[in-house]
Every structure is written in C-alpha cells, then in structure tokens.
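Below you'll find the structure, written out as structure tokens, and then a few comments.
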Amino acid sequence: MLPMYYEAYGLLWLSHILMPELQIAPLDVKEKPDAAEVQIESHDLTELWEKWDVGSDNFVARDGCLFFRIEDTGLFLMEHGQRIVVSPVFGADEKKVRLFILGTCMSVIMMQRGILPLHGSAVVIDGWAYAFVGHSGAGKSTLSAALAAQGYPLLTDDVVALSWDAGGRAIVSPGYPQQKLWQPSLEGFGMKQQDYATVHAEITKYAIPVQHYFHQSAVPLAGIYELVPQPDHEPGPVQLKEVSGLERLHLICSHTFRSGLVRRQGLAQWLFETASRLSASVEFSRLSRTGSNFTAFEMVERIIHHIRKGVHTGI
C-alpha cells in the first residue's frame with residue numbers, strides 16, 4: 001500500500017501499515033516534503049533480533065532504541081523517537097499488531113521524544129483538559145465516555161500525551177477518535193455489543209468510534225484525577241480528595257504508560273524531572289468508589305461540581 005500520513009499525540013506519522021483507527025492528516029500537511037516526524041514500517045526483523053542475542057528477555061534497549069517480542073504476534077523496534085519497525089509473525093491478528101503499535105510502540109516513541117505518556121483518558125471541560133489515570137480496569141474509559149455523553153469532548157483514550165507549550169504550560173495532545181470499553185461498561189451505557197467490533201479476537205473489549213465528540217487540538221492541562229476502585233467493599237458514595245506533596249510524584253510515575261520501559265531506556269531521571277515539573281503545574285485529586293455498581297454518572301457529577309466550585313482553574 002502507499003504510505004499514509006496520520007496525526008496522533010501531537011505528532012505526524014507516515015505509516016506503511018494501514019492504521020484505520022488514526023486520523024488522516026490534512027492535505028496541506030501531506031504535501032510538505034519530509035513533513036513526517038515518525039515513520040511506521042514493516043520489515044523482517046528476525047535476523048536483527050537474533051543478532052541482538054537477548055536470550056530469554058522479551059524487551060531490550062540499546063543505543064536509543066527499544067526492541068521487543070510478543071509471542072504469536074511479532075517483533076517491534078522503536079528507534080530514536082523517529083521510527084517504528086514491525087515484523088508480524090505469519091498469521092498474526094492484524095488488530096492485535098495494531099494494538100501494540102498504538103499503545104506500547106507509540107508510547108515508547110513519545111518517551112524517546114520527551115513526551116510523557118500517562119495510562120489514562122482525557123476530556124475537555126470549560127476549555128481545560130482533565131486527565132483520568134488508573135490501573136487497568138479502574139474505569140478511565142468508562143468515566144471519559146460518561147463525560148462525553150454529557151457534552152465534554154474526548155481528547156484521548158488509553159494514552160494521555162503530555163508535553164509543554166511555548167509558555168511552559170502542560171498540554172494534552174489529542175490521541176485518536178476511538179474509545180475502548182469492556183462489556184460491563186457497554187451494558188451500563190445501554191449499548192449493544194453486537195454493534196461494535198472487539199479490539200482484537202482474544203478479549204471482550206470493544207472499539208467505539210467517537211469522531212462526533214472528539215476534540216482535535218491540544219488543550220492546556222488543569223488537573224489529573226486518579227481512579228481507585230475498591231470493589232470488595234459494600235457499595236458506598238464516590239469519595240474525592242486532594243493529592244499533594246510527594247504523593248503526586250508517585251502518582252505520575254506509577255501511572256506512566258509502560259513505566260517499566262522508562263528505566264530500561266535510561267530515562268529514569270527524565271521521568272523524575274518531568275513528574276516534578278508536572279506536580280507543581282496542575283491540581284491532583286483521587287476518586288474512589290466502593291462496590292461493583294455502575295457509578296460513572298455519579299462520578300461525573302462529583303467531578304463537575306469539584307471543577308465548577310473553583311478548585312481547578314489551571315495554574
């Protein structure tokens with residue numbers, strides 16, 4: 001196929017692999033020579049993997065590059081923040097290959113370029129970006145979908161790309177117009193699973209197109225909410241409290257997307273400095289809920305009230 005120009009996470013990508021999840025770049029950008037900041041290619045990496053002689057390790061970093069292997073899926077190489085090379089195994093699920101490109105590979109490219117990828121979602125409220133971070137299953141995508149249903153546009157789902165504008169403000173760049181929701185969240189929103197395709201064949205997580213409520217430009221970041229579900233307790237009200245001091249640093253580092261790959265690449269100092277700068281720039285809060293009931297809309301009410309009463313006005 002002819003290479004395609006895409007926009008995601010504040011970067012222009014030239015891909016030799018069809019990426020239907022991504023936004024196609026505007027025509028005027030595509031006509032500029034050497035406009036792409038990152039290339040995505042497909043080549044046989046088997047010989048190079050053997051030459052690197054990594055033994056039983058599936059992830060290895062050398063000289064500004066990160067190379068990893070996913071069993072039954074393929075080999076993936078990220079080079080100097082400028083190139084992703086993919087070598088799928090024969091018969092690999094194309095959706096699963098793209099899932100690793102969109103997640104781990106793009107996040108590593110961001111790290112190599114000094115962009116902080118957080119594991120979360122972000123929406124726009126009153127002209128400011130608010131990010132929701134948490135571990136898998138915490139309800140990040142569900143909460144951002146509930147906010148979007150109330151008229152607050154989605155900026156990104158799964159990976160939040162944080163950088164700095166010319167004035168030194170933290171900003172969130174748009175990801176791509178898709179959300180990924182687990183089956184219980186679909187049911188909570190009254191959506192039918194047969195209307196959506198799964199992210200890939202092995203899991204019951206569904207890809208939801210969100211073009212109609214997707215925000216397509218970078219927005220300054222006002223606050224970060226950590227979601228902490230506590231399903232083993234009796235159902236109770238949503239709790240919200242501020243996060244301060246060194247706890248902010250821990251929150252950022254623990255919710256960096258694929259945080260284990262930071263140290264492998266020798267970027268621990270960069271992460272600490274970025275987290276320190278960010279912790280002094282925006283507000284941090286923690287949202288916790290008990291029980292397994294669908295509480296997304298209750299959480300939306302708490303968040304909007306929290307913002308509107310003036311706690312989050314941006315710094």
Side-chain angles (χ1 to χ4, degrees), residues 3 5-17 19 21-23 25 29 34-43 45 48-49 51-52 54 57-70 73-87 97-120 122 131 133 156 158-166 168 170-176 218 221 249 252-278:
Y5 284 93
Y6 298 105
E7 288 183 323
Y9 303 118
L11 297 171
L12 183 65
W13 310 74
L14 179 61
S15 180
H16 296 257
I17 299 171
M19 302 291 293
E21 299 86 356
L22 298 182
Q23 291 259 90
V29 173
D34 303 319
E37 294 157 292
V38 188
Q39 300 242 9
I40 303 174
E41 305 171 11
S42 180
H43 302 297
L45 295 170
L48 181 61
W49 181 262
K51 189 179 296 184
W52 276 40
V54 300
D57 202 345
N58 283 331
F59 289 82
V60 62
R62 292 179 189 170
D63 303 322
C65 302
L66 189 128
F67 206 171
F68 70 91
R69 173 179 58 187
I70 300 297
T73 302
L75 297 166
F76 302 83
L77 175 66
M78 284 65 65
E79 300 179 319
H80 310 290
Q82 298 177 330
R83 191 165 78 129
I84 297 171
V85 185
V86 183
S87 179
V97 172
R98 294 202 307 272
L99 194 65
F100 278 100
I101 295 173
L102 293 166
T104 303
C105 293
M106 287 190 170
S107 293
V108 169
I109 288 291
M110 288 183 230
M111 294 173 189
Q112 293 173 350
R113 299 182 71 94
I115 300 168
L116 177 64
L118 292 181
H119 190 193
V133 301
T156 185
D158 203 31
V159 180
V160 179
L162 292 176
S163 55
W164 311 93
D165 67 12
I171 59 171
V172 179
S173 295
Y176 53 93
L221 179 67
L249 290 177
I252 295 167
C253 294
S254 64
H255 295 301
T256 296
F257 196 89
R258 302 291 183 261
S259 58
L261 300 180
V262 173
R263 188 173 296 277
R264 281 181 181 267
Q265 297 180 88
L267 296 173
Q269 183 63 29
W270 162 79
L271 177 58
F272 176 77
E273 292 172 356
T274 302
S276 298
R277 184 179 181 185
L278 187 61

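Partners of R98 according to the salt bridge (charged side-chain N to carboxylate O under 4.0 Å, His left out) rule, which considers only residues two or more places apart in sequence or in another chain, are E21.
Between the Y9 side chain and the M110 main chain, no donor and acceptor come within less than 3.5 Å of each other.
Using cut-offs of 30° and 60° on the angle between ring planes, the pair F68 and F76 is parallel.
Sequence neighbours left out, the pairs with a member in residues 253-275 that pass salt bridge (Lys or Arg N to Asp or Glu O under 4.0 Å) are D57-R264. Here side chain to side chain donor-acceptor pair (under 3.5 Å) pairs that include residues 58-68, with residues two or more places apart or in two chains, are N58-R69.
L22 and L102 get closest at one heavy-atom pair: CD2-CD2, 3.5 Å. For the pair T73 and F100, the tightest heavy-atom approach, listed with the atom from each and the gap, is CG2-CD1, 4.3 Å. F59 and L261 get closest at one heavy-atom pair: CD2-CD2, 3.6 Å.
Using a 4.5 Å cut-off on side-chain heavy atoms (C-beta onward), M106 and W13 make contact. Taking the side chain as every heavy atom from C-beta outward, I40 and H16 never approach each other to under 4.5 Å. Using a 4.5 Å heavy-atom threshold, the side chains of F67 and V54 count as separate. Contact check for T104 versus I70: no side-chain heavy atoms found under the 4.5 Å cut-off. Between Q82 and V38, every side-chain heavy-atom pair lies at or beyond the 4.5 Å cut-off. D158 has its side chain within reach of H119: a pair of non-hydrogen atoms, C-beta onward, lies under 4.5 Å apart. In this structure, the side chains of H43 and L48 stay at 4.5 Å or more apart for every pair of heavy atoms.
When each of L278, T256, T274 is paired with L162, the side chain to side chain contact (heavy atoms under 4.5 Å, CB included) condition holds for L278 and for no other.
Rounded to the nearest 0.5 angstrom, L66 CG and H80 NE2 are separated by 11.5 Å.
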